[in-house]
Amino acid sequence: IECVGNENMEIYRGAAERLVEIYDFDWKENERMKEACICSVEAMIANGLDSVIVFTFALLAGIFIEMLIFFVTFGMLRFYAGGAHAKNYVRCVLMYICVVCISIFITRRCIVASDIYTIIICLLSIIFSGIINYKYAARQKNLGKRGGSYRRCAFAIYLFISVFIFVSCLVYIFLNMGFFQKIVLIQAFALVAQSIALFLDREA
């Protein structure tokens with residue numbers, strides 16, 4: 001068992017090892033279980049710290065709501081569908097922040113454009129993400145028997161997000177509520193980002 005890790009971030013590994021050692025259990029005859037626990041704890045530490053970094057940046061940059069919308073949309077689908085991983089935790093955080101910032105920048109540009117552009121972007125993102133997720137979601141070899149249930153969950157989440165985007169577009173168009181335009185555009189770009197990450201990891 002190997003962690004999806006980072007040779008320059010031994011601090012996460014070390015902290016995980018110390019936390020696992022605290023648990024009252026005889027690890028001598030369960031080395032594989034110990035390694036699995038260490039990897040899991042390391043991932044929890046890394047994800048927790050990465051989330052703190054991302055949302056602290058969002059607060060300082062004044063884009064907390066936009067970041068939260070992107071995070072929830074991207075994260076819910078990514079958890080079950082899968083996707084490419086960065087080579088280390090630092091690169092992961094930097095790439096994620098860059099993708100979110102680019103998405104928010106484009107969203108703010110699109111808001112001042114015609115309503116038809118919002119509809120086109122949302123439709124294209126739903127179609128593109130639907131095709132990619134249908135072909136590659138939860139196809140990872142390491143999922144084994146869990147692949148079927150993960151695919152069903154990924155499809156349910158994709159369907160929920162797509163319906164929410166469609167309904168929000170109608171609310172925005174007929175009730176002229178601009179906040180919904182921002183939500184659907186950020187969600188649309190989150191779907192595109194998730195689909196690209198999934199496509200890049202298709203061989204796994």
Side-chain angles (χ1 to χ4, degrees), residues 2-19 38-111 121-122 125-126 128-129 132-133 136-138 140 150 153-154 157-158 160-162 164-165 168 178-201 204:
E2 294 181 353
C3 298
V4 178
N6 166 19
E7 62 276 11
N8 299 319
M9 300 297 286
E10 293 89 355
I11 186 171
Y12 289 170
R13 172 78 183 190
E17 288 177 347
R18 287 191 291 272
L19 287 171
I38 291 173
C39 286
S40 298
V41 174
E42 181 184 351
M44 290 174 64
I45 294 171
N47 290 334
L49 185 58
D50 290 351
S51 298
V52 170
I53 293 171
V54 167
F55 283 107
T56 299
F57 170 83
L59 280 171
L60 294 175
I63 56 172
F64 183 81
I65 299 299
E66 292 96 329
M67 179 74 80
L68 184 61
I69 295 169
F70 189 100
F71 181 85
V72 172
T73 305
F74 180 92
M76 285 196 310
L77 192 53
R78 161 82 183 229
F79 182 83
Y80 289 101
H85 290 277
K87 292 184 178 180
N88 57 61
Y89 298 125
V90 174
R91 189 176 298 182
C92 175
V93 173
L94 292 177
M95 288 180 63
Y96 188 83
I97 289 175
C98 287
V99 170
V100 175
C101 287
I102 291 171
S103 299
I104 293 172
F105 175 79
I106 299 175
T107 294
R108 290 180 176 178
R109 291 285 181 176
C110 292
I111 285 175
I121 290 171
C122 289
S125 70
I126 289 173
F128 174 70
S129 61
I132 297 298
N133 278 276
Y136 303 114
Q140 292 81 3
Y150 269 55
C153 288
I157 292 170
Y158 163 77
F160 173 79
I161 293 172
S162 299
F164 182 84
I165 289 176
S168 295
F179 180 70
F180 280 95
Q181 183 187 23
K182 179 184 291 187
I183 291 176
V184 297
L185 284 172
I186 292 174
Q187 287 189 310
F189 290 122
L191 285 180
V192 171
Q194 179 272 333
S195 300
I196 292 173
L198 181 58
F199 180 78
L200 293 176
D201 196 48

A side-chain contact here means heavy atoms from C-beta on lying under 4.5 Å apart; do Leu185 and Ile106 qualify? no
Taking the side chain as every heavy atom from C-beta outward, state whether Ile63 and Arg108 have any atom pair closer than 4.5 Å. yes
Evaluate the side-chain proximity of Ile121 to Cys110: yes if any heavy-atom separation is below 4.5 Å, no if none is. yes
Decide side-chain contact (heavy atoms from CB on, under 4.5 Å) for Phe70 and Val99; before the verdict, give the C-alpha distance in whole Å, the side-chain angles of both, and the deciding distance to 0.1 Å. CA-CA 10 Å; Phe70 189 100; Val99 170; 3.8 Å; yes
What are the two closest non-hydrogen atoms of Ser195 and Ile132, and how far apart are they? O-CG2, 3.4 Å
Output the distance between atom CG (Leu94) and atom CD1 (Ile53), rounded to the nearest 0.5 Å. 9.0 Å
In Å, rounded to the nearest 0.5 Å, how long is the span from CD1 of Ile183 to CZ of Phe164? 5.0 Å
If we count only N and O atoms by modelled type, under 3.5 Å, do the side chains of Glu17 and Tyr12 hold a donor and an acceptor together? no
Could you tell me if the side chain of Phe71 sits less than 4.5 Å from the side chain of Ser51, heavy atoms only? yes
Measuring from Glu42:CD to Leu19:CG, what's the distance to the nearest 0.5 Å? 11.5 Å
Is any side-chain heavy atom of Lys182 less than 4.5 Å from a side-chain heavy atom of Ile65? no
Taking the side chain as everything from C-beta on, heavy atoms only, tell me whether Met67 gets closer than 4.5 Å to Phe57. yes
From CA spacing to verdict: side-chain contact (heavy atoms from CB on, under 4.5 Å), Asn133, Gln194: CA-CA 9 Å; Asn133 278 276; Gln194 179 272 333; 3.1 Å; yes
Just wondering, more than 12 heavy atoms not from Tyr96 lying within 6.0 Å of its OH? yes
Counting only heavy atoms not in Phe128, do more than 12 fall under 6.0 Å of its CZ? yes
Checking Phe55 against Phe64 for the ring pair (Phe, Tyr, Trp, His ring centres under 6.0 Å) test, could you report, in this order, the C-alpha distance in whole Å, the side-chain angles of both residues, the deciding distance, and whether it holds? CA-CA 7 Å; Phe55 283 107; Phe64 183 81; 5.6 Å; yes
Would you say the side chain of Ile126 lies within less than 4.5 Å of the side chain of Ile165, judging by non-hydrogen atoms? yes
Is the shortest side-chain heavy-atom distance between Ser125 and Phe189 below 4.5 Å? no
Tightest non-hydrogen contact, residues Ala81 and Gln140, listed as O-NE2, 3.0 Å
Look up atom CG in Leu77 and atom SG in Cys153, then write down how far apart they are to the nearest 0.5 Å. 11.0 Å
